[in-house]
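In what follows, every heavy atom counts, from backbone to side chain, and hydrogens, waters and symmetry copies are set aside.
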Amino acid sequence: MTWFSTNWNIMFFPVYYSGHFAMAPEKQTMLQKIRECSRIFGEDGLTLRLFLKRTAPFSILWTLTNYLYLLALRKLTATDVSALFCCNKAFMFLLSWIVLKDKFMGVRIVAAIMAITGIVMMAYADGFHGDSIIGVALAVGSASTSALYKVLFKMFLGTANFGEAAHFFSTLGFFNLIFISCTPVILYFTKVEYWSSFSALPWGYLCGVAGLWFAFNILVNVGVVLTYPILVSIGTVLSVPGNAAIDLLKHEVIFSVVRLGATIIICLGFLLMLLPEEWDEITLRFINSLKEKKSEEHTEDIAEPSLHTRSRSRANGTVSIPLS
């Protein structure tokens with residue numbers, strides 16, 4: 001499933017170019033656009049050496065992230081796996097702080113501690129034994145490889161526009177098709193995985209999963225360009241209550257108090273990670289503005305009775321004479 005779905009990434013750049021050709025006022029040929037977008041790999045564009053050097057580690061991390069996620073779904077509910085995957089934001093902060101020397105933020109350290117607490121609680125839910133602990137380890141492994149993928153992308157490739165991201169994803173798809181194709185075959189002959197005959201495979205479900213995965217990657221990259229990245233991150237955490245509703249209504253899953261508490265703690269930690277770096281200054285400015293607004297309203301309330309008093313005294317013929 002991981003290999004088949006990743007191959008669909010090859011279509012990423014053709015889809016992007018179709019949109020560019022339909023809407024851009026200045027048309028470029030596909031070859032010109034490929035050369036322009038390949039600058040994400042360097043000034044010389046995409047060479048064979050860079051194709052192997054830059055694409056290989058990202059392709060391996062991509063495959064591990066998705067493969068471990070799917071394995072975790074065999075052990076845990078979709079709600080638990082999606083909640084544990086939210087820890088990738090905490091792992092990404094810790095790696096960025098250590099490797100990229102990003103700004104230290106106390107609130108994000110608290111969020112990372114909350115994520116680790118949630119992981120321990122999730123593992124403890126079934127007593128640290130059986131499929132639960134294996135599923136938690138697989139989901140945490142998927143979140144860790146996802147965080148490492150994003151940190152390395154930021155380190156080596158920097159910020160990419162939509163065209164460069166489309167080129168990069170298509171390159172990942174080609175690398176997967178050429179070099180990762182041997183992995184499913186090895187897993188089959190070592191009896192780690194088993195396939196039935198190709199005619200018996202559920203191609204409809206496989207294409208559905210691959211199509212949704214492909215649409216997710218397009219929407220994430222379009223969303224980052226067209227809207228705020230924080231909205232894309234909020235979409236990730238909203239998958240948890242969405243999966244919980246499906247598990248509850250369709251699979252009739254009963255959530256224990258410990259699992260529910262772990263899920264809430266991890267989601268709260270994820271939301272804390274979304275706070276901007278200057279969140280404390282923004283909060284202080286907001287509090288000060290509220291204080292100033294209240295003081296202005298208080299001043300107006302005091303001024304109104306004094307005006308009423310003056311008007312009353314004038315009506316009664318009372319005159320105040322200033323002292324010399």
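Looking at residues two or more places apart in sequence or on another chain, you find no ring pair (Phe, Tyr, Trp, His ring centres under 6.0 Å) involving Phe216. With sequence neighbours excluded, the residues satisfying side-chain contact (heavy atoms from CB on, under 4.5 Å) with Leu290 are Phe286. Residues passing the salt bridge (Lys or Arg N to Asp or Glu O under 4.0 Å) test with Lys33, sequence neighbours excluded: Glu36.
Side-chain atoms of Leu177 and Trp3, non-hydrogen and from C-beta on, do get closer than 4.5 Å to each other. Side-chain atoms of Ser170 and Pro14, non-hydrogen and from C-beta on, do get closer than 4.5 Å to each other.
Between the side chain of Ser142 and the main chain of Leu138, no donor-acceptor pair closer than 3.5 Å is present. With Trp203 contributing its side chain and Phe198 its backbone, the two residues share a donor-acceptor pair below 3.5 Å.
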Test side chain to side chain donor-acceptor pair (under 3.5 Å) on Thr65 and Thr145 and set out the steps.
-> CA-CA 6 Å; Thr65 297; Thr145 51; 2.9 Å; yes
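Within a 6.0 Å sphere centred on CZ of Phe179, heavy atoms belonging to other residues, nucleotides or ligands number more than 12. Within a 6.0 Å sphere centred on CZ of Phe255, other residues, nucleotides and ligands contribute more than 12 heavy atoms.
Residues Thr77 and Thr79 bring no donor and acceptor atom of their side chains to less than 3.5 Å of each other.
No option in Phe58, Trp62, Trp8 other than Trp62 meets the ring-ring contact (aromatic ring centres under 6.0 Å, His included) test with Phe169.
Between Phe4 and Trp213, the distance from one ring center to the other does not fall under 6.0 angstrom. Ring centers of Phe153 and Phe168: under 6.0 Å apart, within the cut-off. Ring-centre distance between Tyr16 and His167: not below the 6.0 Å cut-off.
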